[in-house]
Amino acid sequence: IKVSPQQGVVVRDMNAREISEHFQFRVALETYIVKTLAGKLAPHQVDELEANLDAQEKCVSTHNIKDSVKLDREYHLLYCKFLRNQEIERAMLALKDKIYRVANDIHTRHPERIATNFPEHRAIADAVISGDGEKASTAMEVHLENGKRWILMP
């Protein structure tokens with residue numbers, strides 16, 4: 001945020017360096033999370049993840065950007081919640097508003113991203129559920145790198 005005497009408090013856009021650093025941090029953290037969780041989700045956690053993915057899929061068919069952005073943030077935070085590591089959870093929760101802003105910016109400027117975002121989420125979840133940590137980690141890294149490319153597009 002920026003405090004301006006004429007405008008009050010203004011939420012400023014992130015610059016390219018800040019965006020890049022945001023995604024670097026998330027890649028480091030989220031690839032570790034999904035790799036660690038692979039094959040270890042309890043049935044109720046799988047159900048919670050699947051419910052989120054079902055709702056995301058509906059957003060694709062209805063082109064519902066607002067709900068898609070909300071579900072995107074929830075999707076990433078679910079893995080953190082499932083891991084049950086308080087330090088990692090604190091770090092991800094500190095990022096939650098930024099994650100929302102980034103996803104909202106991407107989906108608002110590039111609504112077609114909704115259609116490519118969901119299959120990436122589905123691939124990550126499938127790898128985590130099936131217990132393939134390397135595949136989950138790689139899929140998460142690709143997903144986040146794709147997000148970075150979308151937000152940096154003019």
Side-chain angles (χ1 to χ4, degrees), residues 13-61 63-153:
D13 290 334
M14 292 189 294
N15 63 39
R17 182 188 55 79
E18 291 168 324
I19 290 167
S20 190
E21 289 175 359
H22 168 80
F23 278 99
Q24 286 172 352
F25 182 71
R26 286 185 61 195
V27 165
L29 199 57
E30 293 189 61
T31 57
Y32 170 80
I33 293 168
V34 295
K35 187 174 186 176
T36 303
L37 284 173
K40 298 177 185 169
L41 295 184
H44 73 276
Q45 292 171 322
V46 172
D47 291 344
E48 197 172 346
L49 188 56
E50 290 293 348
N52 177 281
L53 288 164
D54 289 345
Q56 285 187 52
E57 190 170 27
K58 287 179 184 143
C59 287
V60 172
S61 63
H63 303 288
N64 184 335
I65 292 171
K66 181 181 173 198
D67 287 348
S68 178
V69 170
K70 181 175 99 32
L71 290 162
D72 181 276
R73 177 179 62 181
E74 288 173 8
Y75 173 84
H76 287 273
L77 294 175
L78 275 175
Y79 290 116
C80 185
K81 180 177 108 175
F82 297 158
L83 187 63
R84 299 176 55 107
N85 177 311
Q86 289 181 351
E87 288 301 317
I88 291 174
E89 192 166 1
R90 260 193 286 276
M92 282 297 287
L93 288 174
L95 290 176
K96 79 177 185 171
D97 290 335
K98 202 175 272 187
I99 292 169
Y100 180 86
R101 283 180 49 217
V102 166
N104 189 58
D105 188 31
I106 292 169
H107 287 91
T108 301
R109 291 184 328 152
H110 305 284
E112 64 275 20
R113 175 62 176 146
I114 293 173
T116 61
N117 197 50
F118 170 72
E120 292 172 11
H121 281 177
R122 176 82 260 171
I124 296 162
D126 288 346
V128 169
I129 293 166
S130 72
D132 191 337
E134 288 300 323
K135 188 173 183 180
S137 177
T138 299
M140 180 63 81
E141 184 170 1
V142 167
H143 170 64
L144 292 171
E145 288 297 326
N146 285 341
K148 181 171 77 175
R149 274 194 293 281
W150 278 95
I151 197 168
L152 292 174
M153 274 187 212

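The figures here come from the full heavy-atom set of this structure, side chains too, leaving out hydrogens, waters and symmetry mates. On a predicted model such as this, the values are computed, not experimentally measured, just so you know.
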Before you tell me yes or no, could you show the steps for Phe118 and Leu53 under side-chain contact (heavy atoms from CB on, under 4.5 Å), namely the whole-Å CA-CA distance, both residues' side-chain angles and the distance that decides it to 0.1 Å? CA-CA 8 Å; Phe118 170 72; Leu53 288 164; 4.0 Å; yes
For Cys59 and Asp67, the nearest pair of non-hydrogen atoms, with its separation, is SG-CB, 3.6 Å
Does either side chain, that of Asn52 or that of Gln56, offer a donor lying less than 3.5 Å from an acceptor on the other one?
yes
Before you tell me yes or no, could you show the steps for Lys70 and Lys66 under side-chain contact (heavy atoms from CB on, under 4.5 Å), namely the whole-Å CA-CA distance, both residues' side-chain angles and the distance that decides it to 0.1 Å? CA-CA 7 Å; Lys70 181 175 99 32; Lys66 181 181 173 198; over 6 Å; no
Look at the side chain of Thr138 and the backbone N and O of Glu134, then say whether any donor-acceptor pair between them is shorter than 3.5 Å.
yes
Distance col, row Lys35:NZ vs Thr31:OG1, nearest 0.5 angstrom, shows 8.0 Å
Worksheet item: So, the side chain of Ser137 versus the backbone of Gly133: is there a donor-acceptor pair under 3.5 Å, distance only?
Response: no
State, yes or no, whether a side-chain contact exists between Val142 and Glu145 at a heavy-atom distance under 4.5 Å. no
Value for CG (Leu77) from CG (Leu93), rounded to nearest 0.5 Å, stands at 6.0 Å
Check: Do Thr116 and Arg113 get their side chains close enough for a donor-acceptor pair, meaning under 3.5 Å?
Finding: yes
In terms of heavy-atom contacts, Gly147 and Ile106 come closest through O-CD1, 3.3 Å
Close side-chain approach of Arg109 to Ile151, heavy-atom, < 4.5 Å:
yes
Rounded to the nearest 0.5 angstrom, the CZ-CG distance for Arg73 and Leu78 is 11.5 Å
Without hydrogens or angle criteria, can the side chains of Arg101 and Asn104 be said to hold a donor-acceptor pair below 3.5 Å? no
When you measure from the side chain of Glu120 to the backbone N and O of Asn117, does any donor-acceptor pair fall under 3.5 Å?
no
Which of His76, Arg26, Glu30 passes side-chain hydrogen bond (donor to acceptor under 3.5 Å, both in side chains) with His143? It is His76
Exercise for review: Go through the steps for Tyr32 and Ile88 under the test side-chain contact (heavy atoms from CB on, under 4.5 Å), then give the verdict.
Suggested key: CA-CA 10 Å; Tyr32 170 80; Ile88 291 174; 3.7 Å; yes
Residue set satisfying salt bridge (charged side-chain N to carboxylate O under 4.0 Å, His left out) with Asp126, at least two apart, ordered chain then number -> Arg122
Looking only at heavy atoms, the pair that brings Ile129 and Glu50 closest together is CD1-OE2, 3.5 Å
Scanning both residues in full, the closest heavy-atom pair of Cys80 with Ile33 reads N-CG2, 4.2 Å
For Val60 and Ala115 the tightest heavy-atom approach is CG1-CA, 4.2 Å
Shortest non-hydrogen pair, His107 vs Ile65, comes out as O-CD1, 3.5 Å
Margin query: Quick one, Glu112 and Trp150 - any side-chain contact, counting heavy atoms below 4.5 Å?
Written below: yes
Rounded to the nearest 0.5 Å, the CG atom of Leu49 sits from the NZ atom of Lys81 at a distance of 10.5 Å
Just by modelled atom types, is the Ala127 backbone N or O under 3.5 Å from a matching donor or acceptor in the Ser130 side chain? yes
query: Run the side-chain contact (heavy atoms from CB on, under 4.5 Å) check on Leu41 and Val128 step by step: do they pass?
result: CA-CA 8 Å; Leu41 295 184; Val128 169; 3.8 Å; yes
Here the gap from Phe23 atom CZ to Asn146 atom CG, rounded to the nearest 0.5 Å, amounts to 10.0 Å
Rounded to the nearest 0.5 Å, the CE atom of Met140 sits from the NZ atom of Lys135 at a distance of 14.5 Å
Sorted by chain and number, sequence neighbours left out, ring-ring contact (aromatic ring centres under 6.0 Å, His included) with Tyr75 holds for Tyr79, His121
